[in-house]
Structure formats: structure tokens, C-alpha cells
Amino acid sequence: MSILDDNIAKLDGFLSRFRTEGIQNRIAGQDVKGSAGTFQNTSPVDKTLICDVAHGTGVDIDAAADAAHAAFAAWRDMPALARKKILIRIAEGIEARAVEIALCECWDTGQAYKFMSKAALRGAENFRYFADQVVQARDGQHLKSPTLMNITTRVPIGPVGVITPWNTPFMLSTWKIAPALAAGCTVVHKPAEASPLTARLLVEIAEEAGLPPGVLNTVNGFGEEAGKALCENPKIKAIAFVGESRTGSLITKQGADTLKRNHLELGGKNPVIVFDDADLDRALDAAIFMIYSINGERCTSSSRLLVQDTIRDAFEAKLIKRVNNIKVGHPLDPATEIGPLVTEEHFNKVTSYFDIAKEDGATVAAGGVTVGDEGYFVRPTLFTQANNQMRIAQEEIFGPVLTSIPFSTEEEALQIANDIPYGLTGYVWTNDLTRALRFTDKLEAGMIWVNSENVRHLPTPFGGVKASGIGRDGGDWSFDFYMEQKHIGFATGQHKITKLGAL
């Protein structure tokens, strides 16, 4: 039996219960049917039905918010070490079911097992990291003044809503939920309707680890119903969202009446800038990895290649050869590097840019075609002879599609890199240290890597500027979002108090 056949057999066993029972909402530790019935979840690999999923609406969100509200005080007041132990057991549960999580995620989203095999372990790492921060999460400062001893502390904000996307959904869910639980918040999780499987696995693992009922609730449904209701519910004090910039704008509007605190991790059209003095082989490896891994469906992908004109021809020639060698195939085959796109709607969006590129006057130097007729497969694609005014350079395609744009000078590269509505990440390749310092200082992006692909370090801030988001995740920045600062001043003597109305 091949590894692919073995993975398919394992997946079949993991999915058997869902085919029979479907996926229910999980509210206050109980399975709850969707108030609007069910919707169907299909695999992008072959368009077959995976299972029926509870179709939640505002009714279900309100019930989940009530459960989170009821569970909040006890979870907030649980001793920090007790909460830490639960979070560590969740991490251990994730590791124990890592293969199940990875295979289900591949079938649900089309992501290649080559990358998703590590997704569960990254999720466990998120829980372990924030478990280690629990004890000091509420620590503050001592700020002495002439008449007062001022101290600060932090307290959890309350029940929060977490809305996660369909690209690497398990890892991104843990990235949001782990710090919320570590801070002492309770959670209502609305996963993307296209990827409900691993959200169900996460809440099961959490409850098996001892997480009290109602601390983590999962409601499946659509953004215009369940998502909107979550943003409007007055018992939900904050919304953490990962997704499109347009949806982030809607979330801000929907939460305005209840003065929701929002953390929005949104889209990107990120430049990778390659100067002629760079280590070109490493730059090539990094540029390819950051756009064609994860099916190109990641907010931090390097979707615009800015390459200096003195090396452009040679660099693009090597790039074309490498792109044409990328293996497209069944996501459960460990040799596959790109699987199918997640849904028919997204497939149609990505493939529409093949014609848009030609209309703009760009050259389709590699790819630009679909693969087979069974699922939502496309060849990894490269557009050359492009400029930054083209739609393929300005709009987030969110697929395995790279647009190459030449530049002559450092000043021109900076102008092109910043001439975009987004500002999530940037990647700079140069061996000139002073240039790197100048360039990164002026580059409009929330995160920048120099001579590196995206290598996440959990204590560092993660987030963007402009249309790429509001707020930061990671380390103490996550706690700043999920907690309220509190100041208390203690008088150290009998300082003079101004008397009003005294005779």
C-alpha cells in the first residue's frame, strides 16, 4: 500500500462518524442542531460530500453568547495554574490527534499534506506558548508619584467572538483561541463555512482536556447570518477576525452599536524585493515558497515580485523553470506541493485573473491553466512583463499566482512596493546593510523580513497597516487585546485636597 493509499484509508476512518452524524454546533458542552437546518460541506479534491453541517443563525449565536457569558466568571477566577494545566492538556490532545487533524484539514480545504502535517503541531505550540504566559498575564506596573502609589493590572475583557478563515483553519483558530483562553476570556468561535471539520475537533479536544462547558463554544454558519449576529451581540465584548479586508470593514460597522473592540487580520498584496546584490539562489527559494506553498492561500504570501532590472532576465528564467516543476496533485500524497483551491467560488475567482492578466498586457510565463476536471486544481502561475498599475498587481488573488515587476533603483522599488492599498508584510533581499535599514524604515508594512521568508516567532507582533488590518497578535500584544488595563492609585499620605463650598 502506498503512503497515499494509507492516508486515504486513515481519512476514511476519521470521517466515518461525520458522514453518519454530521457536524453539530457545540454550545455549553452540548451538541446543538442548527436553527436553520444544515448545509453541505464538500471536498475540493473531487467535489464529493463530506458531511452535513449545522446551519447556525443569530438564534444559535445568542445561545452561545449566553453560555460564554455564564461561564465567564468561573473561568476568569480559576487560579492561573489550573488554567495553565488545562491549556497544556489541550496542546497534548492536539499532538495526540495530529494525523487526524492534518488529514481532515487536507480533505476539507485542499491543502497539501506536505504542509498540513505540521499545522496541528503549530496549533499545539500556540497553546503551549500561551499556557506559559498565563501566570504573569495579569501582572502590571508600579508607577510611583509624589502623593500616590499607582499600580496597574489587566483583567480579561469578557466573552469574545473569534471568526476564522478557511486557509489553514486549525492553526489560525488556535492562534486566536489560545491567547483568549489564557487571558481568562470565554469564546464563541464561528469557523469558515468551507472548513468546519477541524473546528469541531478543536472543541472536542479542549473539552476532553478539562475545559469547562461554555468556555469554548462553536457555531457553524455563514457570515451574513451567524457572523453578523456575533458582531452585534452585546454580550460579546470583542471580535478577533482573520479574513478579507472587505469583511473586516463590515465587522467594524456591525460592532459599532455595541462598541466592540476589534482585532482585524486582513488581506495583503505583499512585495518581495530582490536587489542585484542579494543571495539570488536563496531569494529565489524564498519567493517561490512564500507564494506557492499553502496553495498561495495565505495573507502573508509574497504575491508581487519586485526584481532589479540588472538581474531580471536570469532570475525570471530560473523562476519559470522552478514554477513549471512544482507538483500539483492529490493533497494526501506527501509528494504533492499544491492541491486544489478550497471552493468553486474561489477557483472561479483565481482563474478569472488568467484572462485579466492578458487584458492588462502581461505575459503568462507559466501556468495560467486548470488541471483536470474532477476538483478545483490550477497550475502554479507566473505573470511577467507587468507593472504596478495592473489589476494583477493591485488586487489580492489569494492563489498560487505571482506577478513579476521590474525596477531600476532603490527609490523606484520603494515607490512600487508602497503603491498598494495593503500593508501586511514585505520581504527584502539585499546584502547591503545600510540599504536594508533605509528600505525597511520606509516600507509600509506591519511585518518585514530581510533575507528570509516568513519565519514566525511567537513573542513578536503579527499584523498589518493600511487595509491589511488593525491591531497585533503574538506575545503580550495578544493579551493587550483580550484584556482591559486597570489603574489603581493608593494615597501615601494626606495630600492637600481642594475644598469646594467650604466656609
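Just so you know, these numbers use all the heavy atoms, side chains as well, and skip hydrogens, waters and symmetry mates.
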- Message: Please check this pair: side chain of Asn262 against backbone of Leu264, looking for a donor-acceptor N/O pair closer than 3.5 Å.
- Response: no
- Between the side chains of Asp52 and Thr38, is a donor N or O closer than 3.5 angstrom to an acceptor N or O? no
- Where is the tightest heavy-atom contact between Phe354 and Gly368, given as atom of each residue plus distance? CD1-O, 3.2 Å
- Should we say atom CZ of Arg456 is surrounded by more than 12 heavy atoms from elsewhere, each under 6.0 Å from it? yes
- Query: Can you check whether Ile416's main-chain N or O pairs, donor with acceptor, with Arg304's side chain at less than 3.5 Å?
  - Reply: yes
- With Ala417 via side-chain contact (heavy atoms from CB on, under 4.5 Å) - residues at least two apart: Pro271, Ile273, Leu306, Leu443
- Task: Please name the residue in the list Trp449, Phe275, Phe439 that meets the ring-ring contact (aromatic ring centres under 6.0 Å, His included) test with Tyr427.
- Result: Trp449
Please tabulate, for side-chain N and O atoms in residues 397-408, each donor-acceptor pair with protein atoms closer than 3.5 Å (sequence neighbours left out).
residue	atom	partner	partner atom	Å
Thr403	OG1	Ile392	O	3.0
Ser404	OG	Glu316	OE2	2.6
Ser408	OG	Asp309	OD2	2.6

- Sorted by chain and residue number, the side-chain contact (heavy atoms from CB on, under 4.5 Å) partners of Arg261 (sequence neighbours excluded) come out as Ile157, Ala238, Phe481, Glu484
- Item | Qualifying side-chain hydrogen bond (donor to acceptor under 3.5 Å, both in side chains) pairs with a residue from residues 107-120, counting only residues at least two apart or across chains | Asn41-Asp108, Gln111-Glu297
- Between Ile420 and Ala393, the two heavy atoms sitting closest are CD1-O, 3.3 Å
- Any side-chain hydrogen bond (donor to acceptor under 3.5 Å, both in side chains) pairs touching residues 376-386, not counting sequence neighbours? Arg312-Gln385
- Message: Under the salt bridge (charged side-chain N to carboxylate O under 4.0 Å, His left out) definition, can you give me all pairs with a residue in residues 416-439, not counting sequence neighbours?
- Response: Asp277-Arg435, Glu410-Arg435, Glu410-Arg438
- Side-chain donor-acceptor pair present, Asp276, Thr310, cut-off under 3.5 Å: yes
- Item | Of all pairs that satisfy side-chain hydrogen bond (donor to acceptor under 3.5 Å, both in side chains), the ones with a partner from residues 326-352, not counting sequence neighbours | none
- Item | Heavy-atom neighbours of Arg122 CZ exceed 12 at 6.0 Å | no
- Query: Does the side chain of Thr440 reach to within under 4.5 Å of the side chain of Val450, using non-hydrogen atoms?
  - Reply: yes
- Would a distance-only check, ignoring hydrogens and angles, find a side-chain to backbone donor-acceptor pair under 3.5 Å from Ser245 to Ala467? yes
- Task: Can you sort out the partners of Glu100 under side-chain contact (heavy atoms from CB on, under 4.5 Å), two or more places apart, ordered by chain and number?
- Result: Phe14, Arg17, Arg97, Cys104, Leu201
- Query: Who pairs with Glu265 by salt bridge (Lys or Arg N to Asp or Glu O under 4.0 Å), at least two apart in sequence or on another chain?
  - Reply: Lys176
- Note on the structure: Distance col, row Cys51:SG vs Ile23:CD1, nearest 0.5 angstrom, shows 4.0 Å
- Asn454 side chain to Thr300 backbone, donor-acceptor under 3.5 Å: no
- Residues forming a side chain to side chain donor-acceptor pair (under 3.5 Å) with Arg89, sequence neighbours excluded: none
- Message: What I want to check is whether the side chains of His55 and Glu193 have a donor and an acceptor closer together than 3.5 Å.
- Response: no
- Tell me the ring-ring contact (aromatic ring centres under 6.0 Å, His included) pairs involving residues 281-326, sequence neighbours left out? none
- Query: Is there a donor-acceptor contact under 3.5 Å from the side chain of Asp46 to the main chain of Glu374?
  - Reply: no
- Taking all heavy atoms of Phe39 and all of Ala54, pick out the closest pair and write down the distance. CE2-O, 3.4 Å
- Nearest heavy-atom contact between Ala199 and His189 is CB-CE1, 3.8 Å
- Minimum heavy-atom distance Leu266-Glu244, with the two atoms named: CD2-O, 3.5 Å
- Note on the structure: Correct closest heavy-atom pair for Pro165 and Ala192 would be C-CB, 3.6 Å
Using distance only, find each side-chain donor-acceptor pair of residues 355-364 under 3.5 Å and give its atom names and separation, not counting sequence neighbours.
residue	atom	partner	partner atom	Å
Asp360	OD2	Arg391	N	3.0

- Query: Does the pair Val242 and Ile163 meet the rule for a side-chain contact (heavy atoms from CB on, under 4.5 Å), with working shown?
  - Reply: CA-CA 7 Å; Val242 184; Ile163 303 175; over 6 Å; no
- Are Tyr353 and Glu395 linked by a side-chain donor-acceptor pair shorter than 3.5 Å? yes
- Message: Counting neighbours of NZ on Lys318 that are heavy atoms of other residues, nucleotides or ligands and sit closer than 6.0 Å, is the number greater than 12?
- Response: no
- Could you give me the CA-CA distance, side-chain angles and deciding distance for Asp132 and Arg128, then say whether salt bridge (Lys or Arg N to Asp or Glu O under 4.0 Å) is met? CA-CA 6 Å; Asp132 286 340; Arg128 286 188 185 279; over 6 Å; no
